[in-house]
Amino acid sequence: MRGFGTTIFAEMTALAAETGAINLGQGFPDTSGPAAMLDTAVEAIRSGVNQYPPGPGVPELRAAVAAQRLRRHGLTYDPAAEVFVTVGATEGIAASVLALAGPGDEVIVFEPYYDSYAATIALSGAVRRPVTLRPEQGRFTFDPDELRAAVNPRTRLILVNSPHNPTGTVFTRAELEAIAALCREHDLIAVTDEVYEYLTFDDAAHIPLATLDGMRERTVTVSSAGKTFSVTGWKTGWVTAPAAHIRAVQTVKQFLTFAVSAPYQLAAAYALEHEGAWVEELRKSLQAKRDRLIVGLEAAGFTTYRPQGTYFVQADIRPLGLADGMDLARALPGKAGVVAVPSQVFYDHPQAGAHFVRFAFCKKDEVIDEAVERLAAVSLGGGPQTVV
Ligand SMILES: *Cc1c(COP(=O)(O)O)cnc(C)c1O
């Protein structure tokens, strides 16, 4: 694990604390989830749900997840054998990669990627093979030929995150079909990270890869309660997959953490069953917050890419006359009192993301307004520079 050091989030959050800056770096909401869901967790603790739950998860949550996949996407999973509860999506992804890839294997990831992917692949002993998402007509996408060229006889897995952090891209059916075709052709397993499955904007729709032809049998789907219900601190997630894949994931997970905090599982089950309207309100409010932040960032001189989902917006710093997002992110808290994350840390080819910084908009309106006022009030760069 040499080379993985401390994450950029630790560094930037420490900077925020030191300078009193507004933290638009890390993606956690500054409000809590639905009250009845919070009550369910409290109630569970008070009524004695405080000992080890079953390793695969409590039956209530496994049933609620299976019902959700069926209701929203027409996908059928057996709650007893094909649904499995994990410590957040992070453990679901880690257990899946550790179970399904190892030394000598390659794992394809789209860069910029969520930072745990690289570390998890390294822990498994496999090699990561990045395919770069680049801006094209206002959104980030991949070149299908580049994806195809990344596949070779050692390829085992492909990690697919849609809606995508940090670019905000929601993969279209055509993009997913390109991924699915390769999986079918080369007998690859897809591990999908769908933690933002409810948080899509405008007319973008989340399509689970498992719904495509021939993909249910070769897809391990990972999601969690954190983003959907604004409880990122609960670390309650789940995996849905064919039984054989679940058995492999379970073999690993039982020795990582054995089981997942019982009261939160009951609360997540409740929320999946009963809080759809609350989530729809969250989605609408995030769409408005996205627009609020984008207008402010553009006024401050950034070029932005309007995300189709997630909490995040990618801002190009070149119109400010700047080239290196790392330098800007390190200077921003002191200079403007705002924290952002340099996107280059999410790349194997940092030059592809050098000029982007990521801002989170899952914050109260007044926090977003204050941040963009601060950004507009200072001179961040050396005047306009040609954008190529
Ligand atoms: C937040 C996030 C996760 C982590 O989810 P947890 O349920 O908190 O473990 C995983 N993937 C992506 C893309 C995320 O943004």
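Both ligands and their constituent atoms are indexed starting at 1 by order of listing.
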Logged contact type for Thr90 with ligand 1, heavy-atom cut-off 4.0 Å, is both
Per-atom filter on ligand 1: closer than 4.0 angstrom to a heavy atom of Gly88 are 6 (P), 7 (O), 9 (O)
Counting from 1 in the order shown, the ligand 1 atoms closer than 4.0 Å to a non-hydrogen atom of Val195 are 2 (C), 11 (N), 12 (C), 14 (C)
Residue, atom and distance of the protein heavy atom nearest atom 15 (O) of ligand 1 read Tyr196 OH, 2.7 Å
Next item on the list: Check whether any side-chain N or O of Arg156 sits under 3.5 Å from a backbone N or O of Leu188 as a donor-acceptor pair, and report yes or no.
Entry: no
- Task: Would you check the N or O atoms of Tyr114, main chain and side chain alike, for any that come under 3.5 Å of an N or O of ligand 1?
- Result: no
Quick look: Lys235 vs ligand 1, heavy-atom contacts under 4.0 Å, and the answer is side chain
Does ligand 1 have any atom that is closer than 4.0 Å to a heavy atom of Tyr311? no
Which of Phe359, Tyr196, Phe361 passes ring pair (Phe, Tyr, Trp, His ring centres under 6.0 Å) with Tyr311? Answer is Tyr196
So for Ala89 against ligand 1, with non-hydrogen atoms under 4.0 Å, the contacting part is both
Counting only nitrogen or oxygen atoms and a 3.5 angstrom limit, does Tyr117 reach ligand 1?
no
Here the atoms of ligand 1 under 4.0 Å from any heavy atom belonging to Asn161 are 13 (C)
Report task. Report the C-alpha distance between Arg128 and Glu111 in whole Å, list the side-chain angles of each, state the deciding distance to 0.1 Å, and finish with yes or no for salt bridge (charged side-chain N to carboxylate O under 4.0 Å, His left out). Result -> CA-CA 11 Å; Arg128 70 177 178 276; Glu111 66 173 3; over 6 Å; no
Atom 2 (C) of ligand 1 has as its nearest protein heavy atom Lys227 NZ, 2.5 Å
What verdict does the ring-ring contact (aromatic ring centres under 6.0 Å, His included) test give for Phe142 and Phe110, after you've listed the backbone C-alpha separation in whole Å, the side-chain angles of each residue and the deciding distance to 0.1 Å? CA-CA 8 Å; Phe142 59 90; Phe110 293 97; 5.0 Å; yes
for atom 12 (C) of ligand 1, nearest protein heavy atom and its distance come out as Asp193 OD2, 3.3 Å
Paired with Thr304, the side chain to side chain contact (heavy atoms under 4.5 Å, CB included) test is passed by just one of Asp316, Ile294, Val295, namely Ile294
Within the 4.0 Å heavy-atom cut-off, what Glu91 brings close to ligand 1 is neither
Worksheet entry | Polar side-chain atom of Thr236 near backbone of Trp234 as donor-acceptor pair, under 3.5 Å | yes
* Asked: Between Phe140 and Phe356, does the ring centroid distance fall short of 6.0 Å?
  -> yes
